[in-house]
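Read the numbers this way: they start at 1 and go in the same order the structure lists the ligands and their atoms. Start at 1 with the first residue, then count along the sequence. Bear in mind that the values here come from a model prediction, so they are computed numbers and not experimental data.
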Amino acid sequence: MIALLALILSLPAAAAPSADVEARVQELLSKMTLEEKLGQLQQLDGRADGKASPELFDLARTGRLGAVLGVLGSSEINALQRAALENSRLKIPILFGFDVIHGYRTIFPIPLALASSWDPGEVESAARVSAREAEATGLRWMFSPMVDIARDPRWGRVAEGAGEDPYLGSAMARAWVRGYQGDDPSQPGRVAACAKHWVGYGAAEGGRDYGTTEISERTLREIYFPPFKAAVDAGALTLMSAFNDLDGVPSTANRFTLTDVLRGEWKFSGFVVSDYNAVHELINHGVAQDGAQAAARALTAGVDMEMVSRDYAQNLPELVRAGAVPLSAVDEAVRRILRVKFELGLFERPYADPAREDAELLSAASRAAARRAAERSLVLLQNDGGVLPLSKSLKTVAVIGPLAVDRAALLGSWSGEGRPADAASVADAVRAALPGARVIASTGGAIGSLSDADIQSASEAARAADAAIVVLGESADMSGEASARSSLDLPGRQLELARAAAAAGKPVVAVALNGRPLTLAPLLSTVPAVLEAWQPGTEGAAAVAAALFGDANPGGHLTMTFPRSTGQIPIYYDHKNGGRPASESDHFTSKYIDGPWTPQFPFGWGLSYTTFTLSGLSVTPAVAAPGATAIVRVEVSNDGARAGDAVVQLYLRRRFAEVTRPVAELKGFSRVGLKSGESRVVEFALGPAELGFLGADMKFSEPPGDYEITVGTSSVGGLTARLTVGGRR
Ligand code: GLC
């Protein structure tokens with residue numbers, strides 16, 4: 001019990017606000033009218049062109065506009081801010097937010113790609129650069145990081161997250177918050193983070209966005225909560241409530257998650273904003289008959305700010321006057337919002353500096369950071385016969401497929417103020433990488449309209465070349481919000497392009513540009529090498545070309561399982577064993593009769609242009625007292641001919657406990673750069689936080705027991721060892 005108590009006391013609680021901020025909040029709140037208070041609870045949208053409407057200016061001048069989204073550029077932001085500060089009675093600055101999900105103007109790889117780097121430092125860098133660019137324009141609040149755990153690649157929003165695992169997802173959540181907020185979010189170049197979408201949004205039935213979710217409390221607490229807890233413990237100033245129905249109570253009206261957990265257990269002191277119109281959509285959910293009931297339910301559940309719909313502003317005056325909603329609930333929401341505005345230094349520094357805006361956007365430093373992130377996010381899925389990297393002495397290269405010239409596909413969904421014109425296409429990048437070669441581009445029309453002539457052209461291009469590069473996958477609008485797909489196959493006739501190129505009998509490699517795991521089996525049996533480039537951002541094409549021709553060695557690994565078929569979904573690595581685990585030899589087991597139950601590529605998968613060997617796994621002590629920490633060590637060696645990065649992964653399995661446990665749980669990882677012939681010892685610490693789990697009573701515990709430890713370079717295979725906690729061998 002003592003160990004457990006020590007553990008709980010050691011867990012970082014959300015940072016407590018300073019006394020000075022609390023005093024300033026209280027002093028300001030005491031002066032506010034009800035209308036001014038409700039103004040702080042309202043966030044409204046800019047126009048499609050990034051300008052503010054006349055109505056927004058009116059509301060700003062009368063102190064009835066707490067925050068906006070989608071008003072862009074230092075000039076427009078400063079104009080609206082000036083309207084508030086020079087006319088309203090209390091001169092409370094407006095908070096300007098925007099969907100900077102993987103970059104503002106310089107676009108980084110999509111978050112699912114960044115997570116594939118298995119390098120929180122890379123994610124922190126992307127967040128820091130994005131914040132620097134966005135804050136220079138006057139934006140002080142990013143609707144990021146999206147930390148939803150996703151086990152269903154049909155869901156279009158897997159592109160925005162870190163994949164299927166809570167341990168890796170938590171590490172990336174911390175990195176995003178650190179990169180955005182730094183140690184002091186009031187400093188220039190720093191912004192407020194917004195961990196979203198609270199909670200369980202990724203578990204939508206059928207993978208269909210905004211879908212219904214049914215999640216047990218155990219699964220919520222062990223799988224979906226952890227990345228949010230990591231963000232809150234890292235000091236995230238805001239969260240965003242989700243659209244989904246969570247076990248019958250929509251996340252935007254769910255007092256258990258919004259107040260009991262977030263405030264009661266986690267002591268979160270920032271504010272919660274609803275998702276776009278989500279308060280009013282409680283009517284569609286059927287838990288509110290009108291805007292007044294929607295406002296009452298959302299506010300009293302714990303949603304502090306209403307995004308875009310206006311049920312708070314339109315109904316709370318009457319609800320408060322009638323005593324249906326206590327004024328204290330309004331005051332607490334206002335307090336949380338003012339607290340964040342003070343912590344952002346918004347009262348001291350409300351305006352953007354146009355000079356900084358010009359200097360920061362698309363700077364050489366931004367582009368260099370985006371290039372590095374793109375290179376480190378690439379995942380080499382297959383490389384039969386070592387056909388990659390291609391030789392730089394090729395005289396003629398065919399570049400095939402619509403995506404080879406689709407710059408928007410490189411930026412992916414939620415590409416902020418990124419412009420496709422800022423990016424080179426893959427075809428451009430291949431030309432730049434091989435200045436002396438002839439590059440034949442056979443790109444066809446759009447993915448959805450590839451013709452027999454396009455297929456024929458691809459065949460001719462490959463025949464005329466020494467090697468062919470087929471660029472295929474999804475266009476930018478095939479993933480992201482409201483973009484679920486019922487099939488994960490390559491859309492359109494792209495596979496036929498690959499087959500036509502392969503039939504030419506020359507070396508053919510494929511580059512995949514996509515926002516989610518795809519079912520690639522037909523492609524994998526058509527071409528020997530597939531490089532997963534995701535949607536790699538403004539500098540992505542250059543990164544792809546560097547990898548194709550060997551100037552970069554792919555070191556990324558998957559953070560989401562790639563299924564063989566859509567019919568296998570949900571399929572994820574940390575599944576339970578069940579009473580009859582799948583077995584080829586025994587008919588009456590949990591398998592399919594029409595195909596394998598195993599994935600195409602498992603969580604953690606990734607190849608390299610070199611090879612790595614793990615050896616000398618040790619666990620010290622092998623028998624540990626409850627509450628103790630065991631140190632796991634393994635040596636990783638690069639026994640190939642060129643430098644490369646290994647991603648060493650540690651998985652745990654507890655075969656027996658009072659509740660069932662996953663067959664594997666990631667509890668440590670390290671990306672290690674090694675020269676040819678170099679070796680290094682990697683160390684992991686396993687303490688109660690890693691070894692413990694929720695018992696049948698839903699309380700965290702670390703009872704005595706045996707653990708299997710596996711260390712490898714994917715979630716399948718590796719070296720194994722035993723750890724016994726609190727008992728005898
Ligand atoms: C959208 C998204 C959310 C985004 C918000 C503002 O509907 O669900 O992620 O931040 O609205 O654009």
Which of the numbered atoms in ligand 1 are under 4.0 angstrom from any heavy atom belonging to [X]?
{"X": "L69", "answer": "6 (C), 12 (O)"}
{"X": "M240", "answer": "3 (C), 10 (O)"}
{"X": "E481", "answer": "1 (C), 2 (C), 7 (O), 8 (O)"}
{"X": "Y276", "answer": "7 (O), 11 (O)"}
{"X": "F143", "answer": "10 (O)"}

- Qualifying residues under ring-ring contact (aromatic ring centres under 6.0 Å, His included), relative to F228, sequence neighbours excluded: W198

- Item | Counterpart residues, ring-ring contact (aromatic ring centres under 6.0 Å, His included), relative to W176 (two or more places apart) |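 So W176 forms a ring-ring contact (aromatic ring centres under 6.0 Å, His included) with Y180.
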
- N/O separation below 3.5 Å, K196 to ligand 1: yes

- Query: Would you say ligand 1 has an N or O under 3.5 Å from any N or O of Y201?
  - Reply: no

Kindly indicate whether a cation-pi arrangement holds for [X] with [Y], taking the cut-offs as under 6.0 Å to the six-membered ring centre and within 45° of the axis.
{"X": "K196", "Y": "W141", "answer": "no"}
{"X": "R339", "Y": "F271", "answer": "no"}
{"X": "R151", "Y": "Y572", "answer": "yes"}

Which residue and heavy atom of the protein sit nearest [atom], plus the separation:
{"atom": "atom 3 (C) of ligand 1", "value": "D275 OD1, 3.4 Å"}
{"atom": "atom 9 (O) of ligand 1", "value": "H197 NE2, 2.6 Å"}
{"atom": "atom 12 (O) of ligand 1", "value": "D99 OD2, 2.5 Å"}

- Message: Looking only at side-chain N and O atoms, does Q187 offer a donor or acceptor that is under 3.5 Å from a partner on D184?
- Response: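 Checked: D184/Q187 side chains pair up, N/O donor to acceptor below 3.5 Å.
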
- Query: Are D165 and Y573 linked by a side-chain donor-acceptor pair shorter than 3.5 Å?
  - Reply: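 Side-chain D/A pair, D165 to Y573: present.
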
- Note on the structure: Under 4.0 Å between heavy atoms, the region of M307 that gets near ligand 1 turns out to be side chain

- Query: Quick one: does ligand 1 sit under 4.0 Å from the side chain of M142, the backbone, both or neither, non-hydrogen atoms only?
  - Reply: neither

- Query: Does atom CZ of R82 have more than 12 heavy-atom neighbours, drawn from other residues, nucleotides or ligands, at distances under 6.0 Å?
  - Reply: yes

